[in-house]
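Each residue takes its place number in the sequence, starting with 1.
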Amino acid sequence: MELRDQLESPLFTHFISDYAQPVGPDLLGRTEEFFQWQEARRQTGLWPYSRSLEAAPEASCGVRSETGTCRQGLNFGSQDYLSLSTHPEVIATAHRAIEQYGLHSAGSAMLGGNTAPSLMLEKALAEHLQMPHVALFSTGWGAGFGTIVGLVRPDDHVVLDALSHQCLQQGAMAATHNVSRVPHLNNRAMRRKLQEIRARDARNGVLVVTEGLFSMDSDVPRLEELQAICHEYNATLLVDVAHDLGALGPKGTGSLGLQDMLGKVDLVVGAFSKTLASNGGFMATRSPAVRQFVRVMGGPHIFSNALLPGQAAVVLEALRIVRSEEGEALRLKARQNSLTLRGAFAEHGIECLGEPSNVVPVPVGDAKVARLAAKLVFERGIFANLVEYPAVRLRETRFRMQVMSSHTEEQVRQAAEVVCGAIEEARALVKARTRPSRAARLEERLQAEL
Ligand SMILES: Cc1ncc(COP(=O)(O)O)c(C=O)c1O
């Protein structure tokens, strides 16, 4: 059957969340229903996830779908924002570190897993963030989750910006039942929530959680105001800078540097996996006690193997470049690419969301249109990630495009052209196949009668 004839089938109308709460005694068997739905999407080219890169995440590369279809094309789906993962000096550093330290870390950071590069990296990050005490984690996820779980106890409270990353949400839920979410970037709502919590509980801790740059929306909180509100209510602010660190701000200091907040927020966590060319993450604090407490009490630092020495060396070298004049030039180039991409979409009547950053969220809205468009975009050799409900709200399906310094202007324009064309085509197809609603039919009839 043609895809256009299946627009009302689960292929288009169902979401992951429809399958997320299976019931029944057979823990394994009850995954089948989700699998069947996912498999139907996979086999019709409507499952644009879990693809693999055939080479380094460069501007142009080969990508293979889960069903094995391979396409050569333009890569707008990687978060190697300054293209440092293929920088010759970063690669040379990795080679040297492997020669010197071997491939593996010897254990958890508590038990022999620290190495000379990891100690140097802690120092370099401390200087970069103006936060003297840094703990490393082997993933960015572990840093966010582990810091919250390390500090927060069941009687404490966590208040998250509603769009905070899953590692922060799940960390909060693992630590306490007292979890609240306030509308995205709404400092007034945050103040009201803290007021309400403090009116009934002055005895326990309150952790407020936000991000330096929200990676689905490319927007940024007002950090100085938020930190002041937190202090007013004796709450602690944690900012996850995974996406802005290195990619934005003077010397790559991210939103903290841009807002003159270096060294001024209570806690910073982040990931190396976006700009700094390796997996890994960190927590930074002004307090040596907090560092030691989170290292020992936050599971992922103590119960997971440490960052590999080669990874630590790579991040250190990437951070050196981030802070150099070359880093400044790379950020400028990425910013130009972001502005060009946004401008090209605007020429087609599509206003990208948020502020200029390496993340360029392209709103589509209707999930049916977006799924069809994502299929066309891949077939035409553009790799851009589709973001659907529940990762974003129901009517807010979008492409999340990510620009890197290594994209050329021509590549950026070509990508916008292809994505816009695919969205237009998909929209026309869905419109042609969708029966007008009763209200629309009535309106049409009234207009005809007038
Ligand atoms: C805000 C935020 N925090 C943490 C992470 C997790 O980082 P990693 O993928 O390096 O574990 C991500 C990654 O997507 C993120 O966006």
Side-chain angles (χ1 to χ4, degrees), residues 81-82 84 109 114 117-144 146-148 150-151 165 167-168 207-215 220-224 226-227 230-231 236-295 298 301 307 311-324 327-328 331 357:
Y81 293 145
L82 300 190
L84 293 180
N114 289 327
S118 73
L119 298 184
M120 285 193 282
L121 177 58
E122 285 178 354
K123 278 211 178 87
L125 278 169
E127 267 173 45
H128 188 59
L129 293 162
Q130 297 178 28
M131 299 283 267
H133 304 283
V134 170
L136 298 179
F137 291 80
S138 45
T139 63
W141 174 285
T147 300
I148 297 178
L151 289 172
H165 190 262
C167 67
L168 307 167
L207 181 69
V208 168
V209 177
T210 190
E211 296 184 19
L213 172 73
F214 283 84
S215 70
V220 174
R222 293 186 308 283
L223 292 168
E224 188 175 6
L226 190 56
Q227 180 66 83
C230 288
H231 284 168
T236 300
L237 178 63
L238 177 150
V239 184
D240 185 334
V241 297
H243 283 269
D244 51 305
L245 184 73
L248 300 177
K251 290 194 189 279
T253 50
S255 296
L256 294 169
L258 278 170
Q259 299 190 25
D260 192 23
M261 288 299 285
L262 281 173
K264 297 181 189 167
V265 299
D266 296 320
L267 287 171
V268 181
V269 299
F272 305 135
S273 57
K274 322 304 169 197
T275 302
L276 294 167
S278 168
N279 284 9
F282 69 90
M283 180 217 57
T285 163
R286 289 190 297 273
S287 153
V290 169
R291 172 174 181 261
Q292 291 298 351
F293 199 83
V294 167
R295 290 209 313 168
H301 182 86
L307 207 60
Q311 290 177 312
V314 157
V315 177
L316 198 58
E317 177 62 7
L319 189 59
R320 183 193 67 72
I321 299 170
V322 154
R323 293 181 59 80
S324 69
E328 219 56 71
R331 274 187 294 281
S357 79

Measure the spacing between [atom1] of [X] and [atom2] of [Y] and express it to the nearest 0.5 Å.
X: H301; Y: Q292; atom1: NE2; atom2: CD; answer: 8.0 Å
X: C167; Y: I148; atom1: SG; atom2: CD1; answer: 7.0 Å
X: F282; Y: L129; atom1: CZ; atom2: CG; answer: 5.0 Å
X: T147; Y: L207; atom1: OG1; atom2: CG; answer: 9.5 Å
X: T253; Y: Q259; atom1: OG1; atom2: CD; answer: 11.0 Å
X: L256; Y: Q227; atom1: CG; atom2: CD; answer: 10.0 Å

Identify, with sequence neighbours excluded, every residue that meets salt bridge (Lys or Arg N to Asp or Glu O under 4.0 Å) alongside [X].
X: R320; result: E89, E317
X: K123; result: none
X: E211; result: none

Specify the closest pair of heavy atoms between [X] and [Y], including all atoms of both residues, with the distance to one decimal.
X: R295; Y: A135; result: CG-CB, 3.6 Å
X: V134; Y: A284; result: CG2-CB, 4.0 Å
X: G144; Y: L168; result: CA-CD2, 3.9 Å
X: D266; Y: L237; result: OD2-N, 2.8 Å
X: M131; Y: V265; result: CE-O, 3.2 Å
X: P221; Y: G212; result: CD-O, 3.9 Å

Is any side-chain heavy atom of [Y] closer than 4.5 Å to one of [X]?
X: L151; Y: F293; answer: yes
X: L121; Y: L307; answer: yes
X: Y81; Y: H243; answer: yes
X: S255; Y: L223; answer: yes
X: V208; Y: T236; answer: no
X: L267; Y: M283; answer: yes
X: L226; Y: T210; answer: yes

According to the interplanar angle, ranging from 0 to 90°, do the rings of W141 and H165 count as parallel (below 30°), tilted (30 to 60°) or perpendicular (above 60°)?
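It falls in the perpendicular class, over 60°.
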Taking D244 for its side chain and G254 for its backbone only, find out whether a donor-acceptor pair lies under 3.5 Å.
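No.
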All side-chain contact (heavy atoms from CB on, under 4.5 Å) counterparts of [X], not counting sequence neighbours:
X: A313; value: T93, A97, P117
X: L258; value: L248, P250
X: A143; value: F137
X: S118; value: N114, T115, L136, A312

What pairs of residues pass the side chain to side chain donor-acceptor pair (under 3.5 Å) test when at least one of them lies in residues 270-290, not counting sequence neighbours?
none
For [X], side chain to side chain donor-acceptor pair (under 3.5 Å) partners two or more places apart:
X: S357; answer: S218
X: R323; answer: H128
X: E122; answer: R291
X: D240; answer: none

Other residues, nucleotides, ligands: >12 heavy atoms within 6.0 Å of E127 CD:
no
Within 6.0 angstrom of E224 CD, more than 12 heavy atoms from elsewhere:
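Open: at most 12 neighbouring heavy atoms sit under 6.0 Å from CD of E224.
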Yes or no on side chain to side chain contact (heavy atoms under 4.5 Å, CB included) for L82 and R331, after CA distance, side-chain angles and deciding distance?
CA-CA 7 Å; L82 300 190; R331 274 187 294 281; 3.9 Å; yes
